[in-house]
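Every number for a ligand or one of its atoms is a count from 1 in the order of the listing.
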Amino acid sequence: MDLLKRLALNKYGTGNESHIDVNTDICRTCKYKPCIKVCPAGTYEPDEKEILIVHYERCVECSAALVACPFGAITFKYPENGISYTYG
Ligand code: SF4
């Protein structure tokens with residue numbers, strides 16, 4: 001089996017609840033919100049009142065936002081349905 005066919009066997013699923021928690025009290029005081037800028041998947045987004053919305057289902061688990069957050073406001077665990085391999 002060639003590489004592309006093997007890679008196509010990777011299956012991703014979305015968990016039923018968020019695997020990302022943010023401390024909204026801290027986020028409210030965060031002026032530049034670097035998590036929004038560094039996330040390649042658009043997981044973090046401000047609402048009209050600048051309150052952070054977390055679209056956990058978009059997360060690709062790169063941890064960029066964890067590194068970028070200057071206040072340690074993000075708690076992350078790997079999602080239960082994050083990745084599953086089905087070799088056949
Ligand atoms: S960088 Fe950290 S503190 Fe700032 S908005 Fe994002 S998660 Fe909240």
Checklist entry - Same cluster or not: are Tyr44 and Ile26 linked, directly or through other Ile, Leu, Val, Met, Phe, Trp or Tyr residues, by side-chain heavy atoms under 4.5 angstrom apart? => result no

Checklist entry - Is Leu7 isolated, or which residues cluster with it under the ILVMFWY side-chain rule of less than 4.5 Å, directly or via members? => result Leu3

Checklist entry - Can any side-chain N or O of Arg58 pair as donor or acceptor with the backbone N or O of Gly42 at less than 3.5 Å? => result yes

Next on the checklist: Under a 3.5 Å distance rule, please check whether Lys33 uses its side chain to pair with a backbone N or O of Leu52 as donor and acceptor.
Outcome noted: no

Checklist entry - Counting only protein N/O/S, how many atoms fall short of 2.8 Å from atom 6 (Fe) of ligand 1? => result 1

Item to check | Beyond-backbone contact of Pro70 with Tyr32, side-chain heavy atoms, under 4.5 angstrom | outcome: no

Item to check | Hphob cluster co-occupancy, Tyr56 + Val38, side-chain heavy atoms under 4.5 angstrom | outcome: no

